[in-house]
Each structure stands twice: as structure tokens, then as C-alpha cells.
Amino acid sequence: MNYSSIAESWQVATKTFSEQADLNTKELESEANYPDHWIDCLNVVNQLKVTTFLDIGSGAGAIYRLFAKNNLKIQYKGFDYSPEAVKIASSYGDKANFFQYDFWKLNINLIAPFDLLYAGALFDVMRDGDHAIEFLLSLQPKWLLIGRPTFTEKESYDEEYIAYDSVETVKHHHNTRWFEKSLNYFKYRSFPLRNSILLGFNG
Amino acid sequence: MKICFGMIVFEGDYVLAECLRQAYPFANQILISQGPVKFWQQEGRTASLDKTNYIINNFPDPDNKIKIINGLWNEKDDQANAYCKYISPDTDYLWNLDSDEVYKTTDLIKIIDYLGSENPSSVGIRSCSFFGGFNHYLTGFELKKDNFLRIFKYTNGATWLTHRPPTLKHVTPLTQQENHIDSDRLYADIGAQIYHYSYVFPSQVYKKVNYYKNIVSKDRCIDDYFQKVYLNWVLGTTNRKKEVEQIFKGVHEFKPEYRGECFPIKFSGEHPEAINLNMKNLTERFDNELLFYR
């Protein structure tokens, strides 16, 4: 699978995003059901007093719904490469909060207004996640929260898998040493995160 | 007539290529100081992270007119003075060129002819400052006489006394009588103006107001200008636009008590050639930025 076939596969995955939204609905019923990376996200937003939030790869809008459920007053924007995902996410809130956009077209001007960039599922659907992180950090976001990162002692690699029994995709595994050494950012360790990595500009 | 265009720039890729495209044929030199002042260094910047460096480093320069000086600067005065030592001694005029200022070819021809015939010591140029896109420009305060001083008679070794307002300091006094041509007179005589794309793109306005509010004139700027005025106007219906204009007596970021009226009006003229050629991409960029900033 190359980059464009993965992207195409997700672009038309209406059923998948609907299923994801249904699953999110169940998870949102009780805090006890929240996945760890959601709890991390809420903690980071609260601890850093985030007021502007960019959800990169917003999918079916889970994080937006999480914020609404927890009454977080936050300026949220989310984009996804899949118009189908955007359509479903938009059904949960203001349409202007969601839009279709290509991750690789991000630039420093587009991320400037945001306190926190969130990539919760980006590296579940993208080849060469190391490059994607380097690209994001080259834009010097104030803070970047990566949800559910997967690390390996081997060289970084992509693992092909079928998501929701229907979408062919890849998950990126980051080499631990690359992650530790290559980033011109620091990992923020003053509060524990369960299944996320928070990077802040080391300026 | 030898013209040296001097530019300071940091993350100003909006119409930079168009600005250079228009000025290049008329330049003897184009000197560009690139890099962040202290305010942006504190934000972690050591160089422009947008396409500024790509544009200036790759701009076609068959006549070897362009010189780029990269650095970290205390303030804009230092940045402007960094290029002064490269000004050719036989330069007649030093022309302060901002990266968001574009001239029509006919205006450049007329201005340079005018410099030859009037031999001014300095020149102010009227600014047609675009607001909220490419279809409206600012009136009132923004059109005030000599808001934008741009062209200065050059003597060997001259440097900038200040960048704001641009004031040139000569090592030896000018031999000629002071002969300032103000922007009203220039416009009345030859109709030339700057096409100034200064309040166009959301990210551009967002950065500008942050910088101005923090560094230049904290108390003079409207609080939450970006949301209350710029975005509200750009995204608003015709009626909403009028309301915003009435509340703030215009749409400039300074409070009305400091700047008077500054209403936007519809632009009915032609943009400079390089802007027209790239209008599709420029408007696409504007629309994309709005997705993130609205």
C-alpha cells in the first residue's frame, strides 16, 4: 500500500467512520469508558490552560464530542483528509469547526493561532510517521500532543492492518532512539500521561 | 537613475514574489535583510519558517542585483541598517520597499521619471492598503499625507536613523536644498501609489496585531481586534460589516480616538500585473487560511 492508496481507502470509508462514531458514543457515556489517550488529552488541555486546539485527523469528531461532554470552553478546529469523516464529525457541532484538508499542506501560518496541536490517530493511518512528526515540528507548534504512539527498539517501520474490518491502512512504529535523539523538542514530564507524548518548543 | 530597493523581511511570503517581480526591472540593487527581531526570537524563531527564504533565494536574478543578508536583529532599525553597507556608492535613491507593497509597472516608470525631473530629497507615497481580501481598501487615516515615506536621496555612507518612520541619516549633509515631495502631491501630480497588501490574509493580520500590540503601541490597539474587527468583518454579511465599521469608526487596528476614521471601501481599479497573474493562488491561500482562523 502506498500513501495515496491508504489515503483513498480512508477517504471513502463512510461505514468505518459511522462505526467509529457509534463506538465513541458508547465511550462517551461514562468516564470509566474513556480511552487513556482521551484522559491524557483532557489533562493536557486543563494543565496547559489551552484555549485554541487543532485536531489533526479529526476523524468522526470524538475529541470535539469529548470536550463538549466535559463542558470545556475551548476554540476547537478539526480537519481530516476524508470528506466523509468531516461530514460525520460536523453532524455533532458547528460545521465551521470541521473541514477537509491535507496534512502535508499545513504551514506555519495555519497553525499559528493554536495553543495545542493534537494528533490522536494520525500515525495509525499514515506511512513514515517519523517524517510526519519531523514535518509537524518544523512548523514549531507551541505544543504537540501525540495520542497512542507506538515505539519499537527496531528501526521505525509501518505495520499494515485492516481497520474496522474494512479499511486497509498502516500503523507507524517509531524507533525509540530516533524519537529521543532526533527531536529538537523536549518531552514534557511534569504530569504523567498514560498513552500519549507531549512535545513543547524548547526555546 | 540608479535605484537601490532596501527591504527588511521576516515571514512575509504573502506577496513577496509579486513585490520583487514588479520592482526588479527598475532596480540597480535589491538589498534584503531577512530574519527575526527580538520579539520573534523570543517566540523561538531564528529565521523565517514560511516560504520567504525560498522566494528570495530562488528569485531569478540574471543581473545579479539581489543581495540577501540573513541575521538575528535587535529591532527593525538594526535590520534595516544591516544592508546599508552594501549600497552602491553611485546610488541616486534608496527606496524603502516592504514585502507586502507592490507597484504597478506604469507607476514605477512615472515615479522614476518624476525623480529625474523634480530631484526630490525625499518622497512620500500614497498607500492603497487592502483589507480583508483583495476587493476593499482602507480610507481616512490610512490615506493621510505622508503615512508612508518611501524614497530618499542617497549620499554615500548614509544609514537609517530610524525605520519607523523611515528617516535617512547622511554622513555629509545633502548638497541640495531640502525638497520633500509629499504623498498627496505625488498622487495629484502622477497618480502613483503603493498597492499595499497589508491587511489581507488572516495569518498576516493575526501576526501583525500581535506584534503591534506587544511591541509598538500596546494601548493604541483595539482589544481583541483580530476577532472583533477583522474576522467579524471578513466573515460577516453586508449588514454585519457595516455594524463593525460603525462601532469602530472603521477597521484599522488602532482605536478610533488615536486614528480617526478608517473605513474600507470597494476597490474598483486594477491590481499590479504580478498580483493579477497570481490572483487564483492568492485567493485560494486566503480561503484556506480562513478555514483555520474563523
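All heavy atoms count here, side chains included; hydrogens, waters and symmetry mates do not. None of these values were measured; they are calculated from a predicted model. Chain letters run A, B, ... following the sequence lines, proteins first, then strands; residues in each count from 1.
- Side-chain N/O atoms of B:Asn70 and B:Gln34 include a donor and acceptor closer than 3.5 Å.
- The nearest pair of heavy atoms linking A:Arg177 to A:Asn175 is N-OD1, 3.1 Å.
- Taking the six-membered ring for Trp and the full ring otherwise, B:Tyr211 and B:Phe39 have centroids separated by under 6.0 Å.
- Within residues 225-236 of chain B, the residues that have a heavy atom under 4.5 Å from a heavy atom of chain A are B:Gln227, listed by number.
- A cation-pi arrangement, defined by a distance under 6.0 Å to the six-membered ring centre and an angle within 45 degrees of its axis, is present between A:Lys154 and A:Tyr157.
- The six-membered or imidazole ring of B:His163 lies away from that of B:Trp73, with a centre-to-centre distance of 6.0 Å or more.
- The aromatic rings of A:Trp178 and A:His174 sit parallel, their planes meeting at an angle under 30°, below the 60° perpendicular limit.
- Note: A:Phe67 and A:Phe53 have perpendicular aromatic rings, judged against thresholds of 30 and 60 degrees for the angle between ring planes.
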Evaluate ring pair (Phe, Tyr, Trp, His ring centres under 6.0 Å) for A:Phe151 paired with A:Phe179, printing each intermediate quantity in order. CA-CA 9 Å; A:Phe151 294 102; A:Phe179 203 84; 4.9 Å; yes
Report the C-alpha separation of B:Phe141 and B:His252 in whole Å, then their side-chain angles, then the decisive distance to 0.1 Å, and conclude whether the ring pair (Phe, Tyr, Trp, His ring centres under 6.0 Å) test is met. CA-CA 9 Å; B:Phe141 164 79; B:His252 188 278; 4.8 Å; yes
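- For residues 45-53 of chain B, the interface with chain A (any heavy-atom pair closer than 4.5 Å) comprises B:Arg45, B:Leu49, B:Asp50, sorted by residue number.
- For A:Thr52, no part lies under 4.5 angstrom from a heavy atom of chain B.
- Contact annotation for residues 109-116 of chain A against chain B (heavy-atom separation below 4.5 Å, listed by residue number): A:Asn109, A:Leu110, A:Ala112, A:Pro113, A:Phe114.
- By the 30° and 60° cut-offs, the orientation of the rings of B:Phe286 relative to B:Phe134 is perpendicular.
- Counting heavy atoms from C-beta outward, A:Asn70 and A:Tyr34 have side chains that approach closer than 4.5 Å.
- For the pair B:Ser198 and B:Ser129, the minimum side-chain heavy-atom distance is below 4.5 Å.
- In this pair, B:Phe292 and A:Phe99 present their aromatic rings perpendicular. The plane angle is above 60°, beyond the 30 to 60° band.
- Of all residues spanning residues 273-282 of chain B, none has a heavy atom less than 4.5 Å away from chain A's heavy atoms.
- Interface remark: A:Phe79 contributes side-chain atoms only to the contact with chain B (heavy atom separation under 4.5 Å).
- For chain B, the option among A:Leu54, A:Asn107, A:Ile108 with the highest count of heavy-atom pairs below 4.5 Å is A:Ile108.
- Only the side chain of B:Asp13 has a heavy atom closer than 4.5 Å to any heavy atom of chain A.
- At a 4.5 Å heavy-atom cutoff, the contact between B:Glu11 and chain A is made by side-chain atoms alone.
- Dense packing is recorded around NZ of B:Lys241, with more than 12 heavy atoms of other residues, nucleotides or ligands lying under 6.0 Å away.
- Aromatic ring pairs are classed by plane angle as parallel below 30°, tilted from 30° to 60° and perpendicular above 60°; the pair B:Trp95 and B:Phe5 is tilted.
- Note that NZ of B:Lys207 and CD of B:Glu43 are 11.0 Å apart. Values are rounded to the nearest 0.5 Å.
- Side-chain contact between A:Glu168 and A:Glu160 is absent, with no heavy-atom pair separated by less than 4.5 Å.
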Given B:Ser203 and B:Glu289, is the side-chain hydrogen bond (donor to acceptor under 3.5 Å, both in side chains) satisfied, shown in steps? CA-CA 7 Å; B:Ser203 68; B:Glu289 288 198 2; 2.9 Å; yes
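- Looking at heavy atoms from C-beta onward, B:Cys221 lies out of side-chain contact with B:Lys255 at the 4.5 angstrom threshold.
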